[in-house]
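Okay, so here's the structure we're looking at.
Worth saying up front: this structure is predicted, and the values here are computed from it rather than measured.
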Number of protein chains: 2
Amino acid sequence: MELHQLRYFVAVVDEENFTRAAERCLVSQPSLSQQIIKLEKELGQPLLERLGRRVQLTDAGRLLYDKALRVLSTVDGVQDELAELSGEGRGRLAVGAMLTAAPYLLPKLVRRFGRRFPHAEIILHEDLTEQIVDRLMQGELDVGILALPLEQRPLETTELFTEELLLAVPKGHRLASKKRVTMADVAREPFVLIDPLHCLGQQVLAFCLERDCRPRVVCRSSQILTVQQLVGSGVGISLLPECAARADRTRKCAYRSLSADRPTRTLVLAWREGRHQSRVVREFIRDAEQHAK
Amino acid sequence: MELHQLRYFVAVVDEENFTRAAERCLVSQPSLSQQIIKLEKELGQPLLERLGRRVQLTDAGRLLYDKALRVLSTVDGVQDELAELSGEGRGRLAVGAMLTAAPYLLPKLVRRFGRRFPHAEIILHEDLTEQIVDRLMQGELDVGILALPLEQRPLETTELFTEELLLAVPKGHRLASKKRVTMADVAREPFVLIDPLHCLGQQVLAFCLERDCRPRVVCRSSQILTVQQLVGSGVGISLLPECAARADRTRKCAYRSLSADRPTRTLVLAWREGRHQSRVVREFIRDAEQHAK
DNA sequence: TCGAATCAATAGGTATGTCCTATGGAGCTT
DNA sequence: AAGCTCCATAGGACATACCTATTGATTCGA
């Protein structure tokens with residue numbers, strides 16, 4: 001019997017539903033199912049009756065539920081008290097992330113963090129780079145997830161990782177299998193551009209122009225997901241970051257590296273210079289440095 | 001924060017000593033140290049002052065200790081109640097093992113089992129095969145760890161694994177590096193025999209005689225460890241099971257397979273035919289089947 | 001009554017984390 | 001000063017909790 005199993009169990013009872021319970025616990029539904037099953041096996045009897053649409057406690061389940069509540073509240077209580085005692089409070093963390101990075105980094109980081117500090121309050125803010133920077137300066141946000149280069153502001157940064165920008169083409173497109181693909185090839189194709197409101201859009205444009213390649217922009221979109229759909233349906237090709245390629249579930253796009261002189265973007269954590277950081281913030285930064293990629 | 005961490009912590013406080021606490025928890029001292037350190041890190045402050053010879057609680061530690069006791073007793077309590085409810089009692093398990101297998105299998109199995117069922121009572125009995133069988137028949141033991149073949153008695157068995165009997169020679173001995181080693185080679189060397197009181201000794205003798213090889217027995221011993229020491233100091237060579245070879249810490253023996261027709265022994269779990277098995281016994285058997293090797 | 005939708009369980013693979021052994025280094029004891 | 005005792009660190013093995021993808025069962029709506 002483990003504490004996380006008790007948490008899962010209580011969540012299922014409260015939500016009367018495995019799927020919602022899993023969301024509440026920040027794990028996948030199968031993971032939660034597995035742990036409940038394991039708990040039942042260990043205790044030698046079912047805790048829940050699965051009645052199709054809803055879920056009901058068995059006698060054993062009722063017994064466990066009461067104790068589990070008590071155990072969890074004791075554990076949570078002592079964590080709060082200890083946090084109090086060390087003078088750190090329970091912890092609040094406000095993270096900002098630019099829109100073209102947020103969906104690919106935040107889920108994992110927040111999940112990890114939520115598990116380590118179940119009582120910390122996490123506030124997420126997705127926005128354009130400049131707004132994030134503004135809020136960092138105003139102290140509304142503790143840290144931001146941004147891309148280099150950053151405008152000149154008193155920010156401290158730590159690098160997360162550098163990723164390549166890959167050429168996204170429709171599956172089966174001739175560029176998908178061509179041996180060498182250069183910016184000259186790119187210039188000949190219709191191009192779907194991330195809106196240069198986003199720093200990613202600016203970076204892509206800058207990269208092209210530096211190489212005297214003026215892409216034939218047939219369409220611009222402000223969301224990566226939309227770009228992927230457009231590329232997938234043959235509207236044009238585009239340049240997208242690796243993390244977006246990994247997360248692509250459309251199955252209609254192929255991704256490949258350019259043959260030389262590959263474009264990249266570097267993601268960093270940034271915070272206002274000299275800002276005091278509570279323990280949870282420091283821990284979040286440390287954790288992100290190690291596990292962002 | 002995890003339950004096992006709380007158990008370790010409480011054990012350290014009770015024993016005032018990491019090493020003893022580790023023994024009580026059936027884990028190694030470094031494992032326990034690690035978990036305590038991890039717990040302190042997560043809570044953001046030390047729980048114990050290490051004062052060389054003894055260990056003292058910090059304020060935070062005192063706070064946690066009280067709560068931990070409460071949490072653990074609640075958890076243990078509910079496990080007992082649930083066991084009660086399913087009508088299985090808390091569980092008692094009496095395991096017998098023949099002397100030439102016990103030290104190599106029991107520690108791991110008992111450790112695993114002790115973790116899964118911290119409240120089950122485990123009784124160990126090491127003895128010669130026949131005594132184990134007698135006690136199984138009399139119902140004093142729930143299961144026995146024995147080797148095939150078994151005398152004709154109403155026993156049910158399940159196979160654990162088959163292991164080779166390896167030739168044990170002093171390090172640097174010419175047989176250690178000879179390409180092919182046969183029973184003819186063995187017959188030429190002085191031989192240290194496990195006392196045929198043990199079924200292992202009988203098996204070794206039988207194996208030799210079946211191949212018309214009469215070993216020159218210079219010495220017989222009733223303990224594998226002693227045999228290893230004797231072989232290591234050059235008294236003679238011997239045939240020993242793989243598990244004993246793996247556990248050999250003398251560093252003075254070399255082990256190798258015979259070139260053909262290799263001798264083996266097969267270890268099994270055995271219990272009296274038709275004997276009712278409580279849940280802990282069934283679980284022990286299942287666990288042993290999977291993790292004995 | 002059939003098709004769609006919802007939901008839990010299963011399968012397969014990855015990675016995190018706990019455990020082990022071996023070793024180091026600090027503080028007592030003799 | 002040498003030897004003990006004891007906790008921490010290092011490195012590698014194994015177990016297990018996690019994920020995605022998929023199946024199978026049930027319920028709901030048409």
Check: Taking only side-chain nitrogens and oxygens of B/S33, does any of them come within less than 4.0 Å of OP1 or OP2 of D/dC7?
Finding: no

Check: Between C/dC20, D/dT20, D/dC7, which nucleotide has the shortest distance from any of its atoms to the side chain of B/S28?
Finding: C/dC20

Next item on the list: Choose from D/dC6, C/dG17, D/dT16 the nucleotide whose nearest atom is closest to any side-chain atom of B/R112.
Entry: D/dT16

Notebook entry, point to check: Taking only side-chain nitrogens and oxygens of B/H291, does any of them come within less than 4.0 Å of OP1 or OP2 of D/dC14?
Noted result: no

Note to self: Looking at A/D287 and A/K108, is any side-chain nitrogen of the basic one under 4.0 Å from a carboxylate oxygen of the acidic one?
What the structure shows: no

Notebook entry, point to check: Just checking A/R54: base, sugar-phosphate only, or nothing, at a heavy-atom cut-off of under 4.0 Å?
Noted result: nothing

Notebook entry, point to check: For DNA chain D, whose closest nucleotide is more 5', that of B/P30 or that of A/Y8?
Noted result: B/P30

Note to self: Taking the basic N atoms (NZ, or NE/NH1/NH2) and the acidic carboxylate oxygens, is any pair closer than 4.0 Å for B/R50 and B/E40?
What the structure shows: yes

Check: Between C/dG17 atom C1' and B/M1 atom CE, what is the distance in whole Å?
Finding: 18 Å

Check: How many Å lie between CG on B/D287 and P on D/dT16, as a whole number?
Finding: 9 Å

Margin query: Counting the atoms with a prime plus P, OP1 and OP2 as sugar-phosphate, which does B/Q34 contact under 4.0 Å by heavy atoms, base, sugar-phosphate, or nothing?
Written below: base

Checklist line | Phosphate OP1/OP2 of C/dT6 contacted by A/T19 side-chain N/O (<4.0 Å) | finding: no

Checklist line | Value in whole Å for how far the P atom of C/dG17 lies from NE2 of A/H4 | finding: 12 Å

Next item on the list: Name the residue closer to the 5' end of DNA chain D, choosing between A/Q5 and A/L51 according to the nucleotide with the nearest heavy atom.
Entry: A/Q5

Checklist line | Gap between atoms CD1 and P, on B/I36 and C/dT18 respectively (whole Å) | finding: 13 Å

Next item on the list: Calculate the interatomic distance between B/R20 atom CZ and D/dT5 atom P; express it in whole Å.
Entry: 12 Å

Item checked: Lys/Arg N to Asp/Glu carboxylate O, B/E289 vs B/R286, below 4.0 Å -> no

Note to self: Does a side-chain N or O of A/K38 approach OP1 or OP2 of D/dA17 to a distance below 4.0 Å, or not?
What the structure shows: yes

Check: What integer distance in Å separates A/R50:CZ from D/dT27:P?
Finding: 15 Å

Margin query: So, does A/N17 get its side chain near the phosphate of C/dA8, meaning an N or O under 4.0 Å from OP1 or OP2?
Written below: yes

Next item on the list: Indicate, yes or no, whether a donor-acceptor pair under 3.5 Å links the base of D/dA17 to the side chain of A/Q35.
Entry: no

Next item on the list: Could you check which of C/dA8, C/dC20, D/dC19 has an atom nearest any side-chain atom of A/R111?
Entry: D/dC19

Next item on the list: Look at the side-chain N and O atoms of A/S31 and state whether any lies under 4.0 Å from the OP1 or OP2 oxygen of D/dC19.
Entry: yes

Check: Rounded to whole angstrom units, what separation is found between the CZ atom of A/F18 and the P atom of C/dT10?
Finding: 11 Å

Margin query: One thing to verify: whether B/R262 and B/E164 come together as a salt bridge, which I'm taking to mean a side-chain N less than 4.0 angstrom from a carboxylate O.
Written below: yes

Item checked: Salt-bridge criterion met for A/R24 and A/D14 (N-O under 4.0 Å) -> yes

Item checked: Ion pair check, B/K67 and A/E81, cut-off under 4.0 Å -> yes

Check: What is the distance from CG of B/L48 to P of D/dA8, rounded to the nearest Å?
Finding: 9 Å

